[in-house]
Amino acid sequence: MNRIYLCLAHMSGKEQDYIKEAFDTNWVAPLGPNVNAFEADLKRFACTDKEVVALSSGTAAVHLALLSCGVGPGDEVIVQSFTFCASSHPITYLGATPVFVDSEKDSWNIDPDLMEEAIKDRMAKTGKKPKAIVPVALYGMPYRIDRIMEIAERYGIPVVEDAAEGFGSRFAGKVLGTFGEFGVLSFNGNKMITTSGGGALICSTPESKNKILWYATQAREAYPYYQHEAIGYNYRLSNICAGIGRGQMLVAEEHIAHHKHVKDLYKALFEDVPGIELHDNPSSLDDANFWLNTITIDPSIRIVGQENAYKSVVKGAVGGAAGVVHAVDNPRTECEPNDNVEALRVFLDAAGVEARPLWKPMHKQPVYKDAPAYVNGVSEALFKIGMCLPSGPLVSDEDVRYIVGKIKEAIV
């Protein structure tokens, strides 16, 4: 059986046509008809009157959104702790400080009540309010954007929605990324749709789109020569990558439907497995895209080989690092998944199945040890017991049954 990966790209067949068109017309740079058409496709998909800018990555989108919100040295930004580092690293690029907020139990996303406590406390301690709020659609699950927006508007703080994992997810029928001042999308190779590498930023007004475009193209002034009066960035998406995106948009709804189908199958197959729980929509949040399906594993469950968990350091690349390894001496850290989670990851890896722990909360990352954090224990507890399972468009029903069968086999 071929190795089963978490989420691999699946081409529609039209991508090659759009790429060939780019080569045939010599439009290969970060501008051209594919870029414009892809942005229009995204706007239609989101059912929004807002503007869309195609960029080189979701991380670039977060960076430019925060920059446009006026974030700079000495500022603070509220950001969900339970997330990938791309939600918080751009804050530090701008010389600002991330203020991490923990999650609520049912959605796993930012806890709005704790978020408001953090805002009040930061204002009391620093004398100024945070410059932005960054909620994250963890694994595609909608955040409680109604509460987040109500709080943000009350304090006059712009919201940058990190919907990188939530492409096509909705809250109350409205696509994520269209509620806040900005909405971040990602088209990395493992996302719901891909441009090989890329992202986009949903902007509230034509004026904000123009500002983002200016920053994304090295902040050039309107002179017949290169005049720069501000620092800009080379963040525009290429016409070739946009061609891939155009082809992907033809199967976007199909991909989302498949991920939901995979979730339903996992849920049915895990019903008779005590101690394994699939993370599903909370009753009030009913339209996740299930970019990655996740499970929690009761600490009492014993797994084959558990006694050997964390006995040796990881030698290969992990998490899409493309072969890049920064060697470590100690296989253990102060905050890590339980031994049975690591043992199950190793067991599945040997069976040809890629599985990963959940994102390690940012407030537990050594690089952010000095950052303010408002925690309730939810994300750390979930990190210790959680695991991501293959969910992409190439994951078949047979694959899902094989994966669940292997998990059952692993339980002692």
Side-chain angles (χ1 to χ4, degrees), residues 8-46 48-65 67-68 86 90 163-164 167-168 175 177 182-203 205-226 228 231-255 320 322 393:
L8 286 179
H10 178 251
M11 300 292 105
S12 72
K14 284 289 290 181
E15 291 85 359
Q16 292 186 57
D17 293 339
Y18 291 124
I19 293 171
K20 183 177 185 302
E21 180 182 303
F23 277 106
D24 289 346
T25 58
N26 209 34
W27 282 105
V28 295
L31 73 166
N34 278 336
V35 177
N36 297 333
F38 183 47
E39 289 172 340
D41 288 343
L42 290 169
K43 186 171 179 176
R44 282 191 297 272
F45 179 84
T48 183
D49 291 331
K50 293 187 174 185
E51 302 295 330
V52 179
V53 181
L55 298 168
S56 57
S57 68
T59 310
V62 176
H63 186 190
L64 295 188
L67 181 64
S68 191
F167 180 80
V175 174
F182 293 100
V184 173
L185 303 177
S186 173
F187 311 119
N188 193 22
N190 65 352
K191 291 299 190 295
M192 193 63 70
I193 67 164
T194 186
T195 55
S196 76
L201 192 60
I202 301 173
C203 306
T205 65
E207 292 75 22
S208 65
K209 174 181 180 176
N210 192 57
K211 186 176 183 181
I212 294 297
L213 279 169
W214 177 65
Y215 277 130
T217 52
Q218 301 289 22
R220 302 172 189 173
E221 304 293 336
Y223 292 96
Y225 43 86
Y226 287 93
H228 302 281
I231 299 296
Y233 306 88
N234 185 19
Y235 278 170
R236 202 73 164 104
L237 188 69
S238 78
N239 197 52
I240 292 173
C241 289
I244 298 173
R246 290 183 69 187
Q248 288 281 281
M249 289 302 293
L250 299 175
V251 291
E253 293 288 2
E254 180 182 319
H255 284 190

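All values reported here derive from a predicted model rather than from experimental measurement. Note that these values count all heavy atoms, side chains included, but never hydrogens, waters or copies made by symmetry. Position 1 is the first residue of the sequence; numbering continues from there.
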| note | Contacts of Tyr18 meeting ring pair (Phe, Tyr, Trp, His ring centres under 6.0 Å) (sequence neighbours excluded), chain-then-number -> none

| note | Rounded to the nearest 0.5 Å, the OH atom of Tyr235 sits from the NE2 atom of His63 at a distance of 5.0 Å

| note | Across all chains, not counting sequence neighbours, the salt bridge (Lys or Arg N to Asp or Glu O under 4.0 Å) partners of Arg220 are none

| remark: dist Met11:CE -> Ile193:CD1 (nearest 0.5 Å) comes out at 9.5 Å

| said: Can you give me the closest heavy-atom contact between Ala54 and Val35, atom names plus distance? | reply: CB-CG1, 4.4 Å

| task | Report the residues that fulfil ring pair (Phe, Tyr, Trp, His ring centres under 6.0 Å) with Tyr223, sequence neighbours left out, ordered by chain and then residue number. | result | Tyr225

| field | For Ser12, all residues meeting side-chain hydrogen bond (donor to acceptor under 3.5 Å, both in side chains), sequence neighbours excluded | value | Glu15

| query | In Å, rounded to the nearest 0.5 Å, how long is the span from CD1 of Ile240 to OG of Ser196? | reply | 9.5 Å

| field | All side chain to side chain contact (heavy atoms under 4.5 Å, CB included) counterparts of Trp27, not counting sequence neighbours | value | Thr25, Leu31, Pro33, Asn239

| query | Under the salt bridge (Lys or Arg N to Asp or Glu O under 4.0 Å) rule, what pairs show up with a residue in residues 231-250, not counting sequence neighbours? | reply | Glu39-Arg236

| Rounded to the nearest 0.5 Å, how far does CD1 of Ile212 lie from CD1 of Ile202? | 12.5 Å

| query | Can you list the residues that meet the side-chain hydrogen bond (donor to acceptor under 3.5 Å, both in side chains) rule with His255, with sequence neighbours excluded? | reply | none

| query | If every non-hydrogen atom of Tyr215 is compared with every non-hydrogen atom of Ile231, which pair is closest and at what distance? | reply | CD2-O, 3.8 Å

| request: List for me each residue that meets salt bridge (Lys or Arg N to Asp or Glu O under 4.0 Å) alongside Lys43, sequence neighbours excluded, and say none if there are none. | output: Glu51

| request: Just jot down the side chain to side chain contact (heavy atoms under 4.5 Å, CB included) partners of Thr195, sequence neighbours excluded, or say none. | output: Phe38, Phe187, Leu237, Cys241

| note | When every non-hydrogen atom of Leu64 is compared with those of Ala216, the smallest separation belongs to CD1-CB, 3.8 Å

| note | So CG of Leu201 and CG of Leu42: to nearest 0.5 Å the spacing works out to 11.5 Å

| message | How long is the straight-line distance from CG of Leu55 back to CG of Leu185, given to the nearest 0.5 Å? | response | 10.0 Å

| query | Got a sec, which residues hit ring pair (Phe, Tyr, Trp, His ring centres under 6.0 Å) with Phe182, two or more places apart in sequence or on another chain? | reply | none

| So which heavy atom on Gly58 is nearest to which on Val184, and how close? | O-CG1, 3.5 Å

| field | Sequence-distant partners of Ser57, side-chain hydrogen bond (donor to acceptor under 3.5 Å, both in side chains), two or more places apart | value | none

| Can you tell me if CD on Gln16 sees more than 12 non-hydrogen neighbours from other groups inside 6.0 Å? | no

| query | Would you say Phe167 and Lys191 make side-chain contact, with heavy atoms under 4.5 Å? | reply | no

| field | Shortest non-hydrogen separation from Ala86 to Thr59 and the atoms involved | value | CB-OG1, 3.4 Å

| said: Does anything in residues 21-36 form a salt bridge (Lys or Arg N to Asp or Glu O under 4.0 Å)? List the pairs, not counting sequence neighbours. | reply: Lys20-Asp24

| Nearest heavy-atom pair of Lys50 and Cys203: which atoms, and what distance? | CB-O, 3.1 Å

